[in-house]
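Okay, structure first, notes after.
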Amino acid sequence: MSRTRLGRDFFAREPHVVARELLGSILVTGDGSDVVAVRLTETEAYHGATDPASHAYRGRTARNAVMFDEAGHLYLYFVYGMHWCANIVTGPPGEPSAVLLRAGEVIEGLNVARARRPAVHRDSQLASGPARLAAVLGWGDRDRALRAYGGDLCSAPAVAEVFAGERGPAAGAVAVAVGPRVGVAAAKDEPLRFWIEGDPTVSAYRPQVRRNRRP
DNA sequence: CCGCCGATCCTCT
DNA sequence: GAGGATCGGCGGG
């Protein structure tokens with residue numbers, strides 16, 4: 001079966017538009033016996049320099065430089081000292097916007113995915129969260145992530161391998177739900193998180209909580 | 001099922 | 001120094 005690859009034009013639009021239309025599309029990594037394909041079921045939009053929750057809010061740095069680059073680039077962001085999250089740069093051109101890939105359904109390479117997520121009991125939980133999704137795709141630890149990007153995580157080399165899906169909102173096949181983003185303290189009530197209504201692979205909602213650290 | 005908590009480390013203040 | 005775009009384990013109801 002041949003799949004239509006999403007190109008730069010698809011990604012070079014407002015992040016909330018891309019985030020919504022990305023639902024149901026298929027992200028593929030690996031080759032040969034390593035192939036894993038995920039149908040995206042949950043995304044979040046980050047609106048460039050005007051969005052206080054965006055990593056580009058305080059201007060360009062070495063770490064967020066890729067967000068100022070061309071739309072379509074997939075990059076990994078290291079969070080909480082141990083997890084990686086996959087994002088795709090979006091437009092409009094000149095604005096450092098991005099879409100965070102929050103969850104998906106593994107539709108190819110189930111055994112590879114299970115091996116990368118040994119603690120999981122139900123397949124619907126394999127990629128039901130941004131760091132879980134990244135792990136399933138092979139970017140769950142530092143070595144793998146570095147290998148995937150040739151040592152420079154902040155400048156992904158190419159347009160992400162994302163293909164149009166048949167079970168997405170574009171085909172009218174699913175209902176899209178919208179709500180607040182997860183895990184962000186700033187602008188936390190903005191409805192910029194999109195997911196496929198009723199899909200079991202969507203992550204459980206965890207409202208942002210501020211916690212005291214140990215003394 | 002729900003809520004709390006520790007782990008872990010890099011970046012920017 | 002502080003504080004994350006998180007996850008999984010544990011304890012209680």
Side-chain angles (χ1 to χ4, degrees), chain A residues 15-16 18-20 22-23 27 40-68 73-90 96-104 113-146 149 151-156 160 178-195 200-215:
Chain A
H16 60 280
V18 176
R20 189 180 192 286
L22 222 32
L23 295 176
L27 177 57
L40 298 175
T41 58
E42 183 184 353
T43 56
E44 262 177 17
Y46 287 86
H47 273 84
T50 64
D51 182 351
S54 168
H55 288 135
Y57 183 56
R58 295 173 199 287
R60 182 180 185 131
T61 67
R63 194 184 189 202
N64 65 21
V66 68
M67 298 179 73
F68 293 79
H73 283 209
L74 187 141
Y75 68 95
L76 301 176
Y77 205 89
F78 186 54
V79 287
Y80 291 110
M82 67 198 89
H83 296 303
W84 300 85
C85 294
N87 301 258
I88 299 179
V89 178
T90 74
S97 296
V99 170
L100 168 67
L101 308 180
R102 285 200 56 90
R114 289 176 184 136
R116 288 172 175 167
R117 298 261 304 130
V120 166
H121 298 296
R122 299 210 307 287
D123 284 346
S124 64
Q125 303 301 297
L126 283 170
S128 60
R132 297 170 176 178
L133 176 63
V136 149
L137 294 170
W139 307 316
D141 60 64
R142 184 187 201 79
D143 288 343
R144 294 191 118 123
L146 289 172
Y149 287 101
D152 186 358
L153 299 175
C154 291
S155 69
V178 187
R181 295 179 291 192
V182 180
V184 297
K188 66 186 187 62
D189 294 328
E190 293 293 311
L192 293 172
R193 170 177 172 252
F194 303 83
W195 68 93
T201 66
V202 171
S203 73
Y205 180 63
R206 299 197 190 202
Q208 169 70 10
V209 287
R210 201 161 179 168
R211 293 160 55 193
N212 301 323
R213 60 177 49 227
R214 65 190 171 107

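These values consider heavy atoms only, across backbone and side chains, with no hydrogens, waters or symmetry-generated copies. Protein chains get the first letters and strands the later ones, always in sequence-line order, with residue 1 at the start of each.
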Original post:
Using atom P of each nucleotide, how far apart are B/dT8 and C/dG1 to the nearest Å?
Top reply: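 Taking atom P in both B/dT8 and C/dG1, they lie 22 Å apart.
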Original post:
Taking the same atom, P, in C/dG13 and in B/dC5, what whole-Å distance lies between them?
Top reply: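 Going atom to atom, P in each nucleotide, I get 14 Å.
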Integer-rounded Å distance: [N] [atom2] and [X] [atom1]:
X: A/R132; N: C/dT6; atom1: CZ; atom2: P; result: 11 Å
X: A/W84; N: B/dC10; atom1: CH2; atom2: P; result: 9 Å
X: A/H55; N: C/dG4; atom1: NE2; atom2: C1'; result: 7 Å
X: A/L76; N: C/dA5; atom1: CG; atom2: P; result: 16 Å
X: A/L100; N: C/dT6; atom1: CG; atom2: C1'; result: 11 Å
X: A/R58; N: C/dG3; atom1: CZ; atom2: P; result: 12 Å
X: A/Q125; N: B/dC1; atom1: CD; atom2: P; result: 10 Å
X: A/R206; N: C/dG9; atom1: CZ; atom2: C1'; result: 11 Å

With distance as the sole criterion, do the side chain of [X] and the base of [N] form a donor-acceptor contact below 3.5 Å?
X: A/R211; N: B/dG6; value: yes
X: A/R181; N: C/dG4; value: no
X: A/H83; N: C/dA5; value: no

What nucleic acid atoms does [X] come within less than 4.0 Å of, heavy atoms only: base, sugar-phosphate, or nothing?
X: A/A53; value: base
X: A/T61; value: sugar-phosphate
X: A/R193; value: nothing

**OP:** Measure from the ring centre of A/Y77 to the centre of the six-membered ring in the base of C/dA5, then say whether that distance is under 5.5 Å and the planes meet at under 30°.
**Re:**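 By the stated criterion, A/Y77 and C/dA5 do not stack.
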**OP:** Could you run through DNA chain B and flag its stems, i.e. three or more consecutive Watson-Crick or G-U pairs with both distances under 3.5 Å?
**Re:**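 Stem list for DNA chain B: B:1-7 with C:6-12, B:9-12 with C:1-4.
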Shortest side-chain distance from [X], nucleotide among [options]:
X: A/V79; options: C/dG9, B/dC9, C/dT6; answer: C/dT6
X: A/V184; options: B/dC10, B/dA7, C/dA5; answer: C/dA5
X: A/R63; options: C/dG4, B/dT11, B/dA7; answer: B/dT11
X: A/Y80; options: C/dC7, C/dG4, B/dC12; answer: C/dG4

With side chains defined as the heavy atoms from C-beta onward, is the minimum distance between [X] and [Y] less than 4.5 Å?
X: A/L100; Y: A/C85; value: yes
X: A/V18; Y: A/I88; value: no
X: A/R102; Y: A/L133; value: no

Original post:
Can you tell me if CZ on A/R114 sees more than 12 non-hydrogen neighbours from other groups inside 6.0 Å?
Top reply: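 Counting other residues, nucleotides and ligands, CZ of A/R114 exceeds 12 neighbours.
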Subject >> First encountered from the 5' end of DNA chain C, between A/Q208 and A/L133 >> reply: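 This one resolves to A/Q208.
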Subject >> Aromatic ring proximity, centroids under 6.0 angstrom, A/Y46 and A/H55 >> reply: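 Ring-ring flag for A/H55/A/Y46: false, centres at least 6.0 Å apart.
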Subject >> Partner set under side chain to side chain donor-acceptor pair (under 3.5 Å) for A/Y57, not counting sequence neighbours >> reply: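 A/Y57 satisfies side chain to side chain donor-acceptor pair (under 3.5 Å) with no residue once adjacent residues are dropped.
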Original post:
For A/E42, which of A/R181, A/R132, A/R193, A/R20 qualifies under salt bridge (charged side-chain N to carboxylate O under 4.0 Å, His left out)?
Top reply: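 The option that passes is A/R193.
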Original post:
For A/S203 and A/S128, does a side-chain donor sit closer than 3.5 Å to a side-chain acceptor?
Top reply: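 There is no such pair between these side chains.
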